[in-house]
Each structure stands twice: as C-alpha cells, then as structure tokens.
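Some notes on the structure that comes next.
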2 protein chains.
Amino acid sequence: MSEIQSLARGLKLLELLAAGDDDVGVTELAGQMGIDKSSVSRLVQTLAAYGYAEQDPTSRRYRLGPQIVRLSRSLLTRMPLRDEAKPFLRTLVNRTGECAHIAILAQGQALYIDQVESPASLRVTTGVGTLAPLHCTALGKCLLTFDSTAEMPAELPPFTARTITDHKSLAAHLEQTRRQGYAVDDEEYDYGVRCVAAPVYDFRGKAVGAIGISGPAGRVTLERMADFATIVKEVSQSLSDRMSFNRS
Amino acid sequence: MSEIQSLARGLKLLELLAAGDDDVGVTELAGQMGIDKSSVSRLVQTLAAYGYAEQDPTSRRYRLGPQIVRLSRSLLTRMPLRDEAKPFLRTLVNRTGECAHIAILAQGQALYIDQVESPASLRVTTGVGTLAPLHCTALGKCLLTFDSTAEMPAELPPFTARTITDHKSLAAHLEQTRRQGYAVDDEEYDYGVRCVAAPVYDFRGKAVGAIGISGPAGRVTLERMADFATIVKEVSQSLSDRMSFNRS
DNA sequence: ATTGTCCGTTGGTTATTATACAATCGTGTT
DNA sequence: AACACGATTGTATAATAACCAACGGACAAT
C-alpha cells in the first residue's frame, strides 16, 4: 500500500482548490500542505498542463480546471443505473410534483448522481455531485438500510433540531425503514424540507442505489407522506425490475 | 515548465480510465502508457486511496471514482455565470419549448456547464460536462466569434454533410454571425438538430460564454429561426445585463 | 518616480522517491 | 489438478522531486 507521494500531493491540491471559495495562491496552498512553495508551484503547473487546474492570468492564482467536469461526465454517463433511472425520475416528478433524485453510496456518503427538477417555482434541488450524510437524508437512510456495503457512520452530527444523533434511535428508525421498504427525512437535514426515498435493486437483489423525492414541508405534509411513499416505492420497484431485465 | 512526472502519469491514467467504456486492468493501462505494470499499479492505488479511482472487488480492474464528481460540482457551483444563467435558461425553455444550454470556452472547445430540459418528449439534450467542437455548434460559433480568447481550430472535421470544413467558408460564416449577433447550427453537428445561440458578456463587455437552444429540425424550422434568434438574443442580453449589474 | 514588499517562478544540489525488473499471490481456466 | 493470466509486492538503482535560495514581476507606499 505504498503511495506515490507526488501524485497524492497533486490530488490533495485538487481538493484544496475545490475547498476554497475563490482562487488560491501557491503560498497559501503550500502553507496548508506543509510543503515548500516551489513544490506546490510545480505540482499545480502540472495540474494546469493537463487541464485539471487553471491559472488566472492576472492574479496568477489557481482554480480547478475544466478537465474535471469532462471526467465527471464520463463517469456519470458510464453508470447504467443513472441512464435507466432518468425516465423513472421524470415519472416521479410527474406523479408527485416534487423534485426527484437518485443517489448511490460513495465514500460512506450518499452521492447524488442525477436529478429531475419539478415545475413548481418553489422546489428543493440537490445538485448532481453533492455528497450528503447517510443518517439524516431519505436517500442516505435507504442506502444505510438496504445497501449491505454501507457502514453505520461513527458520528451522527446534527443538522437541524430533528436530526437523529444517537445510534440507538437511528437503529430503531432504520429498522422501521426496513419494515416499510422506504425511508423518510422529516426536516432532519434542511429545515422546511421533507424527503421520501426507496431503494433500487439490481438483478441479484442487491441494493445499488436509491431514488426519492424532496419538497417543501408545506406541500410534502405528513398526511400525504404515505401517498408519496407508495408512489416512490412503486417507481423504485419498476426501476429495479428494469435493472433486472437488462441484467448488466 | 518542468512537469512532475508521477503526477502527470496519474492524471493521464484518469483520462485513460475515463476513455474506456468499461473497467480497465493494470496491464492494459501499462501498455497504453508505455510504462511498467508495477508503476501503474501503485499509481492507481494512490488514485483509489483518494477516491479518484476505484477498484472492482472481484475483477480487480479500475474505474473512475466518485471524488471526480464531487470536484466537478465544486467547480460548477463556483461559476457565477452558471448560477446567474439558470433562470434565464428556464426562460428560454418557456419561450421556445426547446432545451436550453450554456457553454463556456475550455481547452479550445465549448464546454456545456448547464442545461434545462424542455418538457417536450422529443428533445435534444447535451449533458453537462460535454465538450463540443467550436466550428459546428451554435454555442461554439458564438464563442469563436465573440470570445477574444478563442482561437480558430486548426482542423475542421466534418460531423454531418453540412459541417463547414474549410476555413474560408467558416470565416465568412462567422463574419455573418458577428453581424447578426447570434449563431446558428443547421444540422452541422448532429443530423436533425438545429441550434441557435448568442453570446453572454460580463461587465467589461468581454464575452464569457454563450447560451442557446437546440431542438429537432422538425420544430426548429428555418422559417422560425429568426424568431428563435430574437428570443435568444433578448435573453442573452438580459443575462449580460445581470452579469454587469453584479459586476463580480 | 522610486523603493520596498509580496508572491509566483526558476536554478541547483542532495537525498528521497519512484521506477523497472523479478518474484509472489490469488483467480479463473483447461 | 495444473496452468496461465493478471494484479500486487520486494528490492536495487537511478532518476526525480524535494528543499533552499535567488530571481523577476506586480503592486503599494512613500
């Protein structure tokens, strides 16, 4: 498990560039990495040479480059689940009037790999590429409950007053999720936002992702929750059937 | 301009992973790179350690990892143009009934950074992250004409029978584009697809991107083209005004 | 206008580091 | 069951990238 140091440093630099809200200078990067400026300068030059970073001509500071977006597209378009799911997400939007999302497990979090927006002017979108915690989102809970490769997060940080923050309560909640076959997020991640999600299975019966809807609490009321759940379960079931059919 | 070799190799590996339609083995990668398998093995291990690649547990082959998608999101959300453009793209869809796109210049090509789908069942979408040639797409021609940092492509490869493939014709066509203030793609990139696009300017009057619509030739007829052009120019003008207003 | 400071880049040297070759281990195959 | 293929690990050498120091350009202040 020997790491290639300079590659590792380059990748860390990419993360630092992504973390900063603005362009970042070489000296600042060097400080954060704890290595010499000259090393950083050459590393970011290499990143820039391949399009993974770019330098502002005037400020000479660096930011992420467009190559990243290209790679991301390659990755997303190569996901069979994503392509198959698209029309089902549209169905969800049509039947519920809320935004629909699909997520998979990645690095112990829920990674949103696609989204279809609702026509409503007040809507709850989550950008493709977003990573969200498993313990307080509907999609995350689905993955945690049904995807056997998911591990219980060690920490359960609160995001709202309703976030479940102790493992015992979460275990009970996930047990209920398992029985119901769907997961709910009742303003546990964002105030005023409720979500419903259900797992998607491949042809082996293994959970490979989750789809769901999210909307403002004013429209996604607790009374209507059961109806939403029925719809989401139906659509996720159809998608699972389709995934089985293709058997890829 | 000294490159860090191992970082450069790692980045090249990412591209190879993105290029393959399926997971790729270490030996194959080593062959394509012209270096030893062991080197590749350690490089991809490092990529995997940081989430930029991942290994299939059974086949032991590698593919791109989810970290890429995260970085892509960071990059896209940090583009002020993209955020500002979103509602204007929606306006375009509402007024034309066709899909709306926004692109910027990246690496000598048009990079699609956002998209809003039309409600029509037959629609022409171009995924976010797509790179398209400058000489045969409406957005690309806009960038080529109005973005002073764009360079004329050396090669003008044909994609359809209508693709403009010689520099002289293209120059005349771009001259007309400049006079009109908008660009047209009349089935020059994809058969059956027409597009109209207009440039977006920042507060300095510099073109920073282009927005446009694309749709099936059956709906985007040559007769309606002028109407579409008017709408696209209006909306791009509004967006430019808004970009100037914010002055960021 | 001139000096001074800050920041990114480049030169050069040494020791670290990554490379290539060879061996190993694990899988799937014949 | 033996084999063949491919990924991984061990190891010595030589290349390479790290650090230090100097340079150059931009901007600010005097």
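Computed over heavy atoms, backbone and side chain alike; hydrogens, waters and symmetry mates excluded. Residue numbers start from 1 in every chain, and the chains themselves are labelled A, B, ... in the order their sequence lines are given, proteins ahead of strands. What you see is a predicted model, and the numbers here were worked out from it, not measured in a lab.
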So, with a heavy-atom separation below 4.0 Å from DNA chain D, the residues of residues 7-18 of chain B are none

Please list, chain by chain and in numerical order, all residues satisfying side chain to side chain donor-acceptor pair (under 3.5 Å) with A/Thr149, sequence neighbours excluded. A/Asp147

Side chain to side chain donor-acceptor pair (under 3.5 Å) with A/Gln55: which residues, sequence neighbours excluded? A/Tyr62

Excluding sequence neighbours, so at least two apart, what forms side chain to side chain donor-acceptor pair (under 3.5 Å) with B/Gln237? B/Asp241

How would you list, by chain and number, every residue that makes a side chain to side chain donor-acceptor pair (under 3.5 Å) with B/Asp36, sequence neighbours excluded? B/Ser38

Side chain to side chain contact (heavy atoms under 4.5 Å, CB included) involving B/Ala183 - partner list, sequence neighbours excluded: B/Lys141, B/Cys142, B/Thr177

Suppose we screen for side chain to side chain contact (heavy atoms under 4.5 Å, CB included). Which residues come up paired with A/Pro57, at least two apart in sequence or across chains? none

Axis deviation across the helix from C/dA1-D/dT30 to C/dT30-D/dA1, five-pair ends, to the nearest 10°: 40°

Name the nucleic acid region contacted by A/Gln55, choosing base, sugar-phosphate or nothing; use a 4.0 angstrom heavy-atom cut-off, strictly under. sugar-phosphate

Per-nucleotide protein contact along nucleotides 21-30 of chain C, 5' to 3', at a 4.0 Å heavy-atom cut-off (B base, S sugar-phosphate only, - neither), is B---------

Residues 14-33 of chain A, side-chain donor-acceptor partners within the protein, below 3.5 Å, at least two apart:
from: A/Asp23; atom 1: OD1; to: A/Arg63; atom 2: NE; distance (Å): 3.2
from: A/Asp23; atom 1: OD2; to: A/Arg63; atom 2: NE; distance (Å): 3.3
from: A/Asp23; atom 1: OD2; to: A/Arg63; atom 2: NH2; distance (Å): 3.1

What pairs with B/Asp190 under side chain to side chain contact (heavy atoms under 4.5 Å, CB included), at least two apart in sequence or on another chain? B/Val193

Under the side chain to side chain contact (heavy atoms under 4.5 Å, CB included) test, residues paired with B/Gln107 that sit two or more places apart: A/Pro66, A/Gln67, A/Arg70, B/Leu131

